[in-house]
Amino acid sequence: MKIEAETIEEYMGQLPEDRQLAIEKLRLVIKRNLPPGFEETLSYGMIGYVIPHSIYPDGYHCNPKEPLPFLSIGSQKNFIGVYHMGIYAFPEVHDWFVEEYPKYVKTKLDMGKSCIRFKKMETIPYELIAELCRKITVDEYITHYEHAWKK
């Protein structure tokens, strides 16, 4: 489900009602729990949470004009996706999430390298997502990112 939008409000307005409710609740959970410094934006066709150029002027190595991406939420054709770069970049965060997930959701975890897929809106573990958001600060992510990508 590719959504063409210029603003987050436009993006939200194009979602089916059940997805609007779930995405709006995810936005609220994320904004309340991400450490200071992350900024909400529309990026890569999804709602993103980035480290802005005002904090990290170098931007994203793939396209330095873009701010450094950290987390995104998006409505895809068959699921809502939560894309969290910390799950991919920090093995201890990945392992913690995989261990905690069954305590919140009875269905099998559907996850890629950084994408957590929710096919049923009622299975989104908002409390677990809140805890995941608190795991990595802006400074911790920048330090790890630079270590991984800077030469």
Side-chain angles (χ1 to χ4, degrees), residues 1-16 19-101 104 109-119 121 124-151:
M1 170 189 289
K2 180 93 168 134
I3 297 176
E4 299 293 332
E6 297 292 321
T7 66
I8 292 172
E9 293 73 26
E10 229 180 272
Y11 179 91
M12 293 296 295
Q14 294 182 47
L15 298 174
R19 300 260 180 127
Q20 279 183 10
L21 295 171
I23 294 280
E24 192 56 50
K25 191 168 181 181
L26 276 169
R27 284 180 69 203
L28 187 60
V29 165
I30 291 166
K31 287 193 275 188
R32 285 184 176 165
N33 289 281
L34 273 181
F38 292 100
E39 183 178 282
E40 185 180 59
T41 185
L42 195 64
S43 60
Y44 301 99
M46 297 180 282
I47 298 170
Y49 299 86
V50 301
I51 300 173
H53 284 103
S54 60
I55 294 174
Y56 191 68
D58 289 354
Y60 186 36
H61 72 279
C62 293
N63 181 357
K65 293 179 183 177
E66 295 286 332
L68 183 59
F70 179 70
L71 188 149
S72 296
I73 52 176
S75 180
Q76 306 300 346
K77 182 177 180 181
N78 296 313
F79 61 90
I80 284 182
V82 175
Y83 303 83
H84 190 283
M85 294 308 294
I87 284 179
Y88 176 70
F90 293 80
E92 66 277 11
V93 173
H94 172 274
D95 295 348
W96 166 84
F97 188 84
V98 169
E99 185 178 314
E100 289 296 310
Y101 187 85
Y104 292 82
L109 175 60
D110 185 359
M111 188 168 90
K113 288 184 178 183
S114 73
C115 177
I116 309 155
R117 293 176 283 273
F118 299 103
K119 293 180 181 163
M121 307 310 107
I124 298 173
Y126 296 101
E127 301 86 19
L128 182 60
I129 299 298
E131 204 171 331
L132 175 62
C133 287
R134 294 188 295 266
K135 289 280 181 195
I136 302 167
T137 67
V138 166
D139 289 340
E140 289 168 335
Y141 187 61
I142 289 171
T143 298
H144 187 84
Y145 176 80
E146 287 187 338
H147 180 74
W149 292 106
K150 294 286 182 164
K151 293 175 180 145

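- The shortest side-chain heavy-atom distance between Asp110 and Lys119 falls under the 4.5 Å cut-off.
- Note: Ile136 CD1 to Ile87 CD1 = 8.5 Å, rounded to the nearest 0.5 Å.
- Nearest heavy atom pair, residue Pro69 against residue Met85, reads O-CG, 4.1 Å.
- In this structure, CG on Leu71 lies 11.0 Å from CD1 on Ile47, to the nearest 0.5 angstrom.
- When every heavy atom of Ile124 is checked against every heavy atom of Ala22, the shortest pair comes out as CD1-CB, 3.9 Å.
- Taking each heavy atom of Glu66 and Tyr44 in turn, the nearest pair found is CG-OH, 3.8 Å.
- Aromatic ring pairs are classed by plane angle as parallel below 30°, tilted from 30° to 60° and perpendicular above 60°; the pair Tyr60 and Tyr145 is tilted.
- One finds the CG atom of Asn33 at 9.0 Å from the CG atom of Leu28 (value rounded to the nearest 0.5 Å).
- One finds the CZ atom of Phe97 at 6.5 Å from the CE atom of Met111 (value rounded to the nearest 0.5 Å).
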CA sep, side-chain torsions, deciding dist, call: Leu42, Thr7, side chain to side chain contact (heavy atoms under 4.5 Å, CB included): CA-CA 6 Å; Leu42 195 64; Thr7 66; 5.5 Å; no

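- Ser75 approaches Leu15 most closely through the heavy-atom pair CB-CD2, 3.4 Å.
- Annotation: ring-ring contact (aromatic ring centres under 6.0 Å, His included) contacts involving residues 66-85, sequence neighbours excluded, comprise Phe38-Phe70, Phe70-His84, Phe70-Tyr141.
- Other residues, nucleotides and ligands contribute at most 12 non-hydrogen atoms within 6.0 Å of the OH atom of Tyr88.
- Side chain of Arg19 to backbone of Gln76: a donor-acceptor contact under 3.5 angstrom is found.
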I'd like to know whether Leu132 forms a side chain to side chain contact (heavy atoms under 4.5 Å, CB included) with Glu100, so could you lay out the CA-CA distance, the side-chain angles of the two residues, the decisive distance to 0.1 Å, and finally the verdict. CA-CA 10 Å; Leu132 175 62; Glu100 289 296 310; over 6 Å; no

Step-by-step side chain to side chain contact (heavy atoms under 4.5 Å, CB included) determination, Glu131 to Trp96: CA-CA 11 Å; Glu131 204 171 331; Trp96 166 84; 3.4 Å; yes

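- When atom types are taken as modelled, the side chain of His94 and the backbone of Lys113 share no donor-acceptor pair closer than 3.5 angstrom.
- Distance CD1/Ile129 to CZ/Arg134: 11.5 Å, rounded to 0.5 Å.
- Closest of all the heavy-atom pairs between His53 and Pro64 is NE2-O, 2.9 Å.
- Taking the centre and axis of the six-membered ring of Tyr126, the NZ or CZ atom of Lys25 falls inside the cone set by 45° and 6.0 Å.
- Using modelled atom types, one side-chain atom of His144 and one backbone atom of Ala89 make a donor-acceptor pair closer than 3.5 Å.
- Ile73 is not listed as a side-chain neighbour of Ile80, based on a closest heavy-atom distance of 4.5 Å or more.
- Heavy-atom neighbours of Glu6 CD from other residues, nucleotides or ligands within 6.0 Å: at or below the threshold of 12.
- Interatomic distance, OH of Tyr49 versus OG of Ser43, reported as 10.0 Å (0.5 Å rounding).
- Within the structure, salt bridge (Lys or Arg N to Asp or Glu O under 4.0 Å) contacts touching residues 29-50 (residues at least two apart or in different chains) are Arg27-Glu40, Lys31-Glu40.
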Derivation and outcome, side chain to side chain contact (heavy atoms under 4.5 Å, CB included), residues Ile142 and Ile55: CA-CA 10 Å; Ile142 289 171; Ile55 294 174; 4.0 Å; yes

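- Between Pro35 and Cys133, the shortest heavy-atom distance links the atoms CD-O, 3.2 Å.
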